[in-house]
Amino acid sequence: MSLITSIETVSEPTHQLHSLHDVQHLFDRILQSDHLFINRDLLRSTYIPEILPHREQEITELANILSPALDYAAPSNVIMYGLPGIGKTAVAKYVGAELEAAGKAHGKNITFLYVNCQLVNTLHKILYDISSHISNNHNILTTTGFSSDVVLSKITTCLDATRQVLILCLDEADRIKDDHALYTLTRINEHLHQSRVSIILVSNDIFFTESFDSRIKSSLNQEIMVFDPYNADQLQDILRARIKTALKPGVIEEDVIPLCSALSAQEHGDARRALDLLRVAVELAERKHDHNVTNKHVRLAQSKIEKDRIAEVIHSLPGQQRLLLHAIRILHRYNDHMGKQSVMITGEIYNQYVELSKIVRYTPLTPRRVADFISQLETLGILTARVISKGRHGQTKEIQLTMPLAELAHILNDDEFTQEFQQVKMKNQMKLL
DNA sequence: ATTCCACAGGAAGCGACGGCCC
DNA sequence: GGGCCGTCGCTTCCTGTGGAAT
């Protein structure tokens with residue numbers, strides 16, 4: 001389907017809702033349809049259940065490491081390694097909550113603070129997270145504008161004033177930009193007299209501490225826990241435990257759980273993925289008013305999850321990166337038109353990008369910056385790129401889309417740039433825009 | 001064996017920004 | 001309102017790369 005025809009198809013809905021009455025009927029119909037869920041939130045990976053199947057050993061190990069906190073002693077710092085979706089975060093949060101509860105029962109002040117370093121990725125941001133968490137009834141900084149030293153000093157004063165053990169869990173710790181941040185955090189105890197801080201570092205990257213200098217390694221003084229991926233049988237147990245409370249009895253066909261588990265085990269034993277797959281499969285079945293969830297729904301869910309992920313990523317890209325994607329789309333289409341390979345190289349993509357920048361009146365960024373964008377798009381799974389040498393014609397990158405061109409065109413269809421390109425296309429009869 | 005090309009990608013630095021203090 | 005602090009997006013400068021051409 002050409003870009004212009006695909007725009008036409010989405011322009012006008014065939015049926016329009018005119019009144020609040022219509023809307024009420026619409027939702028009545030949805031509510032009256034068969035509900036397969038009892039509680040869909042229980043099939044979300046963010047939900048921490050009361051029992052974590054196949055992680056009993058890790059829970060016990062972490063609990064043993066952290067138990068000195070109940071005597072106001074500093075537990076060892078812990079590094080937890082393992083691939084995504086295999087229960088590291090769940091174990092840390094589970095043990096953290098249990099420890100807080102045990103502290104309360106024994107009259108000890110223990111605080112567990114979970115920080116996701118994907119967003120909170122600098123020392124400064126981490127310190128502000130700590131300060132806002134421990135600030136209850138204390139005059140401590142909860143806003144920005146202070147140097148890291150000032151915030152750190154306020155935190156240590158507040159901690160010492162309230163005698164407590166703070167367990168700081170830094171998830172995705174490999175995202176922290178500055179090694180110095182970890183060094184500072186691991187040495188907080190040197191400033192404390194009454195309280196103690198212990199750190200749990202959670203990472204998918206087993207090599208992330210390799211680059212640390214010896215000062216950080218020694219100040220970490222860590223216990224290491226390595227999490228093994230779940231196998232297909234273990235994933236089945238996890239899913240079966242969740243569906244007992246999340247879904248109505250008998251709505252799942254016999255082979256659905258084994259299929260979800262097998263597909264997720266193929267990746268790397270990712271329980272998060274297995275739960276998403278099952279939840280989306282049930283949602284699709286519900287929307288179709290089917291009474292059972294079958295393998296067909298799981299396969300549809302698998303394709304939907306992947307498409308949704310890429311579309312969401314593309315829509316959230318900044319303007320310049322979307323413009324670059326338009327350049328790639330047009331170049332790809334041109335290559336198809338000329339019967340050439342769908343492989344593109346950096347130089348021609350950059351030239352196309354500069355052309356488009358003129359149309360939308362953007363100042364084109366430098367080739368260096370655009371090269372970074374290409375690497376980022378590769379990281380996001382939208383492109384594949386490999387460095388090749390063209391001999392006397394220099395070194396470059398061979399770039400390919402990971403999705404069909406039509407799919408990218410469809411995703412970019414409602415993009416703000418598309419309309420401008422359409423106007424230019426009509427004015428200049430440029431077939432390939 | 002040497003030269004050459006078109007980049008890749010690291011490092012450093014700049015300016016803008018948001019949020020605060022004084 | 002100027003100064004401070006940390007962050008971010010970006011440019012500029014630079015060195016490295018590797019295979020075809022000479």
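Here is how names work: the chains are called A, B, and so on, in the same order as the sequence lines, proteins then strands, and each is numbered from 1. Keep in mind that this is a model prediction, so the values were computed, not measured.
Counting to the nearest Å, the C1' atom of C:dC8 and the CD atom of A:Q376 are 12 Å from each other. Taking atom CD1 of A:I345 as the reference point, atom P of B:dA8 lies 9 Å away to the nearest angstrom. The CG atom of A:L123 sits 15 Å away from the P atom of C:dC5 (whole-angstrom rounding). One interatomic measurement links the two molecules: OH of A:Y128 to P of B:dG18, which rounds to 17 Å at whole-angstrom precision.
A:E306 has a carboxylate O that lies under 4.0 Å from a charged side-chain N of A:R309, or vice versa, which qualifies the two as a salt bridge.
Closest approach of A:I399 and A:A385 over heavy atoms only: CG1-CB, 3.9 Å.
At least one donor-acceptor pair under 3.5 Å links the side chain of A:E348 to the backbone N or O of A:I345. The backbone N or O of A:A274 lies less than 3.5 Å from a partner atom in the side chain of A:S264, making a donor-acceptor pair.
Considering only residues two or more places apart in sequence or on other chains, A:A281 meets the side-chain contact (heavy atoms from CB on, under 4.5 Å) condition with A:V293, A:H297, A:V298, A:A301. Residues that satisfy the side-chain hydrogen bond (donor to acceptor under 3.5 Å, both in side chains) test with A:E61, not counting sequence neighbours, are absent from this structure. Considering only residues two or more places apart in sequence or on other chains, A:P404 meets the side-chain contact (heavy atoms from CB on, under 4.5 Å) condition with A:E407. With sequence neighbours excluded, no residue satisfies side-chain hydrogen bond (donor to acceptor under 3.5 Å, both in side chains) with A:R392.
A sub-4.0 Å separation between OP1 or OP2 of B:dA6 and a side-chain N or O of A:T346 is absent. Contact check, A:K125 against C:dC8: a side-chain N or O comes under 4.0 Å of OP1 or OP2.
Less than 4.0 Å separates DNA chain C from at least one heavy atom of each of the following residues of residues 389-399 of chain A: A:S389, A:G391, A:R392, A:G394, A:Q395. Residues from residues 364-373 of chain A that place a heavy atom under 4.0 Å from any atom of DNA chain B, listed by number: A:R368, A:A371.
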